[in-house]
Amino acid sequence: MAEVSRLKSGGPTDSFTHRFRLRRATANPRTEDTPVSETISPRNTTSTPPSFPSSTPSSSTSTSTEEVTSAHSTPVDTRPRPTIRERGSRAGSFAFSALLRVVLSGVVGAALCAAWIAAHQAGLLHRALGEASASLPDFLLLLFVGLPLALVTSALLAGPLLWLLGVRPAWPIVLLGPVVLAAAHYFDVPNLLAGTGDQWVVLAILAGLSYALAGLLTIPTMLMRSRKA
């Protein structure tokens, strides 16, 4: 537009060049008076949003959430807590069962030893061995024949007897009783009980005490058995 005004102010002229410039300026005005922001067409700034993978179904999302929640959740014990009276009754029943276990173990051990002494005094061992027993002294006969036979017999009979009397579990007493009896003989405990009677009475008492101690030492097996039950 500035060029058109300049050409018009230049005065009238019949010049072909002047008319041509005026016509061109009128038909195609310059954009120097127009702001740059108006002459430049705005670009298309609309951006296509990035495509994302389709979301998983709501059912699978809820399932995974439930699995995570169940994996990290702590199970709640809904059982009613025992009262003080119930705890006391349980403790009393357990103490009575433990005492009964010790007493019955001692009785079974003493009874088995007394039966073995009676069989030895009746000469059953000599009759079973026959003439082979005549050439052996009584000490060697008891040590190499009578003692192993007594251990095997007590191991075979103590378990069923304790089981019939209600002692559970019985196998720890069967295994530990002979070990405690052997340890008592090793430490010369029979001499401490010599005033209670002859050697056979002392042996029966010592066997009863050994099995009772075995029953006392194996009380934790009762706790393990009650927890498993």
Side-chain angles (χ1 to χ4, degrees), residues 90-229:
R90 290 179 183 177
S93 62
F94 178 78
F96 178 76
S97 300
L99 179 61
L100 189 63
R101 176 186 181 88
V102 173
V103 173
L104 292 177
S105 300
V107 170
V108 169
L112 290 175
C113 186
W116 179 82
I117 291 172
H120 174 69
Q121 291 180 348
L124 295 179
L125 186 59
H126 289 279
R127 287 198 294 268
L129 295 177
E131 296 180 357
S133 63
S135 60
L136 294 175
D138 291 341
F139 175 75
L140 295 178
L141 186 63
L142 290 175
L143 181 61
F144 293 105
V145 179
L147 183 59
L149 186 61
L151 291 176
V152 173
T153 305
S154 63
L156 293 176
L157 295 179
L161 288 175
L162 291 171
W163 188 83
L164 289 175
L165 293 174
V167 178
R168 306 284 193 283
W171 62 266
I173 303 174
V174 175
L175 297 178
L176 190 59
V179 176
V180 176
L181 182 59
H185 279 280
Y186 178 80
F187 289 104
D188 205 10
V189 177
N191 290 333
L192 301 177
L193 302 176
T196 57
D198 58 3
Q199 59 177 354
W200 303 115
V201 175
V202 171
L203 183 59
I205 294 174
L206 189 60
L209 293 176
S210 298
Y211 273 79
L213 182 60
L216 180 63
L217 294 176
T218 56
I219 286 177
T221 58
M222 296 176 60
L223 293 173
M224 297 173 61
R225 184 174 181 273
S226 62
R227 289 177 182 177
K228 290 181 180 180

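Each residue takes its place number in the sequence, starting with 1.
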> Extract all donor-acceptor atom pairs below 3.5 Å that involve side chains of residues 194-217 and protein atoms in other chains or at least two apart in sequence.
| from | atom 1 | to | atom 2 | distance (Å) |
| --- | --- | --- | --- | --- |
| Thr196 | OG1 | Leu193 | O | 2.6 |
| Asp198 | OD1 | Val201 | N | 3.0 |
| Ser210 | OG | Leu206 | O | 2.8 |

> Report the C-alpha distance between Val107 and Leu165 in whole Å, list the side-chain angles of each, state the deciding distance to 0.1 Å, and finish with yes or no for side-chain contact (heavy atoms from CB on, under 4.5 Å).
CA-CA 11 Å; Val107 170; Leu165 293 174; 6.0 Å; no

> Check the side chains of Arg101 and Thr218 for a donor-acceptor pair under 3.5 angstrom, ignoring hydrogens and angles.
yes

> Going by the rule ring pair (Phe, Tyr, Trp, His ring centres under 6.0 Å), which residues pair with Trp171 if we only count those two or more places apart in sequence or in a different chain?
none

> Could you check whether any side-chain heavy atom of Ile173 comes within less than 4.5 Å of a side-chain heavy atom of Val108, counting everything from C-beta outward?
no

> I'd like to check Ile219 versus Phe94 (side-chain heavy atoms, cut-off strictly below 4.5 Å). Are they in contact?
yes

> Kindly give the heavy-atom pair with the smallest separation between Met222 and Ser97, and that separation in Å.
CE-CB, 3.8 Å

> Identify every side-chain donor-acceptor pair in residues 146-159 under 3.5 Å, counting partners at least two apart or on other chains, and give the distances.
| from | atom 1 | to | atom 2 | distance (Å) |
| --- | --- | --- | --- | --- |
| Thr153 | OG1 | Leu149 | O | 2.7 |
| Ser154 | OG | Ala150 | O | 3.0 |
| Ser154 | OG | Leu151 | O | 2.8 |

